[in-house]
Novice: 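To start, I am sharing the structure in question, which I have written as structure tokens.
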Amino acid sequence: FLDSVLFDSGKADLTKDATEIIDKVSNILKDTNKKVIVEGHTDNLPISTYRFPSNWELSTTRAVNVVKYMINHAGLDPIRLSAAGYADQHPISDNNTVEGRRDNRRVDMVILRSNADQPDSGQ
């Protein structure tokens, strides 16, 4: 999910559009028992605010806010969910263009093969 859909620029609060999208995805995930990792990503432009001293904090907070919403509003079991922040370390596009930076500001949901009731395999 691109950040412009889920978050205002430089912020980690979910937008109304974000909650609608996450509700739809969560409804699909309710029918499974799969583990889900929510990954936050940013572009490579530095951020330095009181709340977000770097892109690490911004990407992680965005991922955590998605997870918290999925638990508190969509009713997913917290044991199934985890959050990770990768800052600008895993770009999918060229950070030298506006479009590329936009693509890199995103949240990914990785649905694992393992069920929540299965022990972690260390992978």
Novice: Can you give me the closest heavy-atom contact between A84 and A63, atom names plus distance?
Specialist: O-CB, 3.4 Å
Novice: Verify the distance criterion only: is there a donor paired with an acceptor across the side chains of S54 and E57 at less than 3.5 Å?
Specialist: yes
Novice: Between A12 and N65, which heavy-atom pair has the shortest distance, and what is it?
Specialist: O-ND2, 2.7 Å
Novice: Return yes if a side-chain donor-acceptor contact under 3.5 Å exists between R106 and T42, otherwise no.
Specialist: no
Novice: Given side chains that start at C-beta, do those of Q89 and W56 come closer than 4.5 Å, heavy atoms only?
Specialist: yes
Novice: Between R62 (side chain) and K11 (backbone), is there a donor-acceptor pair under 3.5 Å?
Specialist: yes
Novice: Side-chain heavy atoms nearer than 4.5 Å, only ILVMFWY residues, links allowed to pass through others: does that put L58 and V64 together?
Specialist: no
Novice: Can a donor-acceptor pair be found, under 3.5 Å and without considering hydrogens, that links the side chain of K34 to the backbone of I111?
Specialist: no
Novice: Could you tell me the separation between the CG atom of N115 and the OG1 atom of T32, rounded to the nearest 0.5 Å?
Specialist: 7.5 Å
Novice: Within the 4.5 Å heavy-atom criterion, are N95 and N104 side-chain neighbours or not?
Specialist: yes
Novice: Quick check: closest heavy atoms across A83 and V67, and the distance to 0.1 Å?
Specialist: CB-CG2, 3.9 Å
Novice: Side chains of T61 and R51, heavy atoms from C-beta outward: is any pair under 4.5 Å?
Specialist: yes
Novice: Let me confirm one number: the OG1-CG distance from T19 to L14, rounded to the nearest 0.5 Å.
Specialist: 7.0 Å
Novice: Tell me the closest heavy-atom pair linking I71 and P78, and the distance in Å.
Specialist: CD1-CB, 3.7 Å
Novice: Between D108 and H90, is any pair of side-chain heavy atoms under 4.5 Å apart?
Specialist: no
Novice: Is there a donor-acceptor pair closer than 3.5 Å between any side-chain N or O of K30 and the backbone N or O of A74?
Specialist: yes
Novice: Check whether V25 and V36 end up in the same hydrophobic cluster, where Ile, Leu, Val, Met, Phe, Trp and Tyr are linked by side-chain heavy atoms less than 4.5 Å apart.
Specialist: yes
Novice: Quick one: does R80's side chain get under 4.5 Å of L29's, heavy atoms only?
Specialist: yes
Novice: Could you tell me whether a side-chain N or O of S59 sits under 3.5 Å from a main-chain N or O of H41, the two making a donor and an acceptor?
Specialist: no
Novice: Any carboxylate oxygen within less than 4.0 angstrom of a Lys/Arg side-chain nitrogen, looking at K16 and E20?
Specialist: yes
Novice: Between the side chains of N55 and Y86, does any donor sit under 3.5 Å from an acceptor?
Specialist: no
Novice: Taking C-beta and beyond as the side chain, do L45 and R101 meet within less than 4.5 Å on heavy atoms?
Specialist: yes
Novice: Quick one: are D43 and D88 in side-chain contact, heavy atoms under 4.5 Å?
Specialist: no
Novice: If I take atom CD1 from residue I21 and atom OG from residue S26, how far apart are they, to the nearest 0.5 angstrom?
Specialist: 11.5 Å
Novice: Is any side-chain heavy atom of V66 less than 4.5 Å from a side-chain heavy atom of I22?
Specialist: yes
